[in-house]
Amino acid sequence: MPPASSSNGGNTSNNSISIVWFRRDLRVEDNPALAAGVRAGYVVSVFIWAPEEEGTYFPGRVSRWWLSQSLKHLDSSLRSLGANLITKRSFDTASTLVDVVNSTGATNLFFNHLYDPLSLVRDHRIKELLSSRGLTVRSFNADLLYEPWEVADENGCPFSTFEPFWNKCLSMPYDPAAPLLPPKRIISADVSRCPSDTLVFEDESERGSNALLARAWSPGWRNANKALNAFINGPLIDYSVNRRKADGATTSLLSPHLHFGELSVRKVFHLVQIKLLVWTNEENESGKESVNLFLKSIGLREYSRYLSFNHPFSHERPLLSHLKFFPWVVDENYFKAWRQGRTGYPLVDAGMRELWATGWLHDRIRVVVSSFFVKVLQLPWRWGMKYFWDTLLDADLECDALGWQYISGTLPDGREFDRIDNPQFEGYKFDPNGEYVRRWLPELIRLPTEWIHHPWDAPEPVLQAAGIELGSNYPLPIVEISAAKERIQEALTEMWQIETASRTAMENETEEGLGDSSDLPPFYYPQEIHMEADPEPTRANNLLTTTRRYSDQMVPSITSSFVRNDEDAISVDISSTREDGRAEVPTNVNFDDQTHGATDQDGAAVVRNNAVLEFSPARLQNRLEFSEESSSSYTERDGGLVPVWSPSNLSEHFISEETSVRTSAYLQRHPQTHQMMNWRQISPPEKLGGGEHIAPKCYRLDSMKASQNVAKSTPLFLYHFADSKVL
DNA sequence: CAGTAGTTACT
DNA sequence: GTAACTACT
C-alpha cells in the first residue's frame, strides 16, 4: 500500500514525490507535467510500454523505431538534469503505475493529456484508481494550442466543421499558453526499488530496415527543435509555392516529432507567429500566405484531436453515416496491389512504393493514394487507414482518421463522395516532370514525360523504346477510371435500395435496439498482410508474386488485441507465440508476471491471438462510470484537468448528433439518402408514433437550422474537471 | 455588363 | 477532369 497522501489541499508541498508519467510528450521543454513534478519536489520519470493495450492500433515497425530512439534521447536529457527515465514493460498500465507508486512512495501523479479514444478511457480509469488510493493526480495540456473543451461556438457547442473551428482558435481572447523552458535541474526520487525493464522495440528481422531510417531521421526533442528551426528559417517562406511538389523536402517534416510530443505545438505556433509579424512588416505576401497555410496544417492536427475527443469513434466509424450501406469492394487482391504499388497508375504506385520503402509520404500523395483507394478501388477506408497506421513514420490515429474520413466523404465538410480524382491529372499537377514517378518506379525511367502519368495511352514504339511492356513489367490500370465512376453510381443506387429495405425493416420492427448495436460490425482486416512482392521494379513482374522478404517494410500482424469483453474476467495470453515469421512486437522482455494475470474491475480485457479489436460504443459505454455532474468552469489553464465522461446515453447522443451535423454537398444533391438516414436515426421506432410527420422536421437542409440543431443537441461528452475533489 | 480565360481546389 | 471562383475584355 502506498503511503496515503497527507496533503490533499491542492498545493503539493515542495518535497513530495511525484511520478511524471511520460507518454507522447517526450520532451523536457514545455512539458507541464514535468514542470509540476519538479515544482513539487522529487521526481520519478516513468515511461510505460504496453502496446497490447492499443489493440488493433499496435504501433508499426517504423513508429516503434522512432519511439525507441526518442526515449533514448529523453533519457539522456533527463539524466543530464539529474533524473533518469524509468522504463516499464507492462500489460496493464494502471497496475504498473500502482507498482511504481508502491516502490517509490510517490504521492503525486502528473501526466499530459492524450485524446485518442483508448487513452481517454484508460487515463480516466487511472485517475480514478490512483485518486482513490490517495494520490494527487493532475493532468495537463501539452499537445494542443487549446483544449478541445475550450473551443466552442457562440452557443457553447463543439464545432462540426474545420473552418469555423480554426477561425475560432485563431481569434480566441487569450493566446495559447507560452512555452515553458526546460527545468534547470531535476531532483530524483529514490528509485532504487523501482528498476527499469529493458524495452524491446524491434526484432531481429526489423533491425536492418530500421538502421536505414536513422540515415534520414533524427528522433528526439533536441533534434525536433533543430528541424523546427531549419524549417522556419528555410522552407517556410516558400511553403505556399512548394507545398504542391510531391518531391523534395519542402514541407516541415515535423509530423513524427509532433506525434511523439518531442516538439511543443505551442512553441511551433509562437515561433511561426514571430515570422508572420516580420513578413507582415516587410509586406511579404507570399511569406504571409505560407505561414497561414502552415498554421492551417497545425490547425488540422488540432482539429483531429478535437474530433476524436468529441466523437471518440472517428477512427473506426464514419462521422456521417449516410454511406453506412455502401457496398464496399472487399477484395484483398486490390488491397494487395495498392500496397505493393502495382495499380497501373504511376503516381499512385510511386507513392505506395515510397511509403513502403521509407515510411514517409508527402501530404499531397497521401491524398492521391487514399483517394484512389476509396474512390477507384472502393475498398473499405479502414483497411487503408490501418495500413497507413502500420507503415507511416508519423502514424497518428487522430490525424489519420481525420484524413481518411475526409477522403471518404464522411465528414460534414468533406468532399463529395462521387467525385473521383484522376491520378493522371494529379500527376501532372504534383509531379509535372515525372521525376517523382521515375524515382520510385525505375521501370518507367525511360518513358517520356508526355506519357509518364498515363503509360497506357503511349504508342507502342514509345513503350518499346522505354523498355516497357504493359501487363508484364508494369501493370495496366487495375481499374479504369470510367469503370470506377460507373461502379460508384451503381453502388450508390444499390446503397439506397438497401437503405430503403432497412428502413422498411425498421418500420416493421417491434423491438428496439437492433439497429444501433449492429451499426458497427466487427472490424475485419485481412490477416495476410505482408509486402510479398519484390519491390524492386527491375525484377518485378506483373503478377503479385509471393516472394516474401521479411527484412523489408512489413506490416506487423495483429498478433494480439484487446477485446473488451462483457465478462469482468481477465485472461491474458500473450505468451502464445506465432508460428510464422511475421513482424510482431517482441515479447521477450522483462515483465512482472503478476501483472500478467491481474484482474481489475473495469478494464476487463482478453487478449486473443489474431483477434481484432472490437471497441464499440455500446461496450465503451458499459465500461465508463458516468458522472452526473457537469461544469462550465473551463477557466483553469492547466493542472488538475481530467476529462470526465458524463453523457447519459452515449450512442443515442452520438446518433442524434449526427443528424444535426451540417449536411454535405453530396447529401444536398441526394436528399433522399439523407432523409432516410435521419428519419431512421432521429428516434427509435417506438418513439416515432406516426412516423411520417416526424421525418420532415429532422432532415431540414437549411444550414442555419442545422447549426442550431447542433447547438441544442447534447454534446456527446460533457467533460468537466473533477479535480476540485482531489487537489 | 456578360462572357471568357485562367486558376485553384482540401480535412 | 469538373466546379467554382477570379480577372479581364
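Protein chains get the first letters and strands the later ones, always in sequence-line order, with residue 1 at the start of each. Just so it is clear, the structure is predicted and the values come from calculations on it, not from any experiment.
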So among A/Arg24, A/Arg305, A/Arg23, which one has a salt bridge (charged side-chain N to carboxylate O under 4.0 Å, His left out) with A/Asp116? A/Arg24
Could you tell me the Watson-Crick or G-U partner of B/dT8, where both distances fall under 3.5 Å? Say none if there is no partner. C/dA3
Please state how far atom CG in A/Leu293 lies from atom C1' in B/dT8, giving the value in whole angstrom units. 12 Å
Heavy atoms under 4.0 Å, any strand shown: does A/Arg301 hit a base, just sugar-phosphate, or nothing? nothing
Heavy-atom neighbours of A/Glu283 CD exceed 12 at 6.0 Å: no
How would you label the contact of A/Phe162 with the nucleic acid (heavy atoms, under 4.0 Å): base, sugar-phosphate, or nothing? sugar-phosphate
Whole angstrom value for the distance that separates P of B/dC10 from NE2 of A/His362: 16 Å
Nearest to the A/Lys429 side chain among B/dC10, C/dG1, B/dT11, which nucleotide is it? C/dG1
For A/Arg243, report the nucleic acid contact type (base, sugar-phosphate, nothing); a contact means any heavy atom under 4.0 Å. base
Could you tell me the separation between the CD atom of A/Glu398 and the C1' atom of B/dT11, rounded to a whole number of Å? 15 Å
For the base of B/dC10, is there a side-chain donor-acceptor partner from A/Arg366 under 3.5 Å away? no
Please determine, for B/dG3, whether a Watson-Crick or G-U wobble partner exists with both distances under 3.5 Å, and give it or none. C/dC8
Specify the separation, in whole Å, of atom CG of A/Leu347 and atom C1' of C/dG1. 15 Å
Run the salt-bridge test on A/Glu443 and A/Arg353 with the 4.0 Å N-O cut-off and return the result as yes or no. yes
From B/dC10, B/dT11, C/dG1, pick the nucleotide closest to the side chain of A/Leu402? B/dT11
Could you tell me the separation between the CD1 atom of A/Ile407 and the C1' atom of B/dC10, rounded to a whole number of Å? 8 Å
Please step through ring-ring contact (aromatic ring centres under 6.0 Å, His included) for the pair A/Tyr436 and A/Phe430, ending with a clear verdict. CA-CA 9 Å; A/Tyr436 179 71; A/Phe430 304 134; over 10 Å; no
What's the CD-P distance between A/Gln405 and B/dC10, to the nearest Å? 19 Å
So, A/Glu147 and A/His113: side-chain donor and acceptor under 3.5 Å apart, yes or no? yes
Rounded to whole angstrom units, what separation is found between the CZ atom of A/Phe430 and the P atom of B/dC10? 12 Å
In whole Å, I'd like the distance from the CG atom of A/Asn422 to the C1' atom of C/dT2. 11 Å
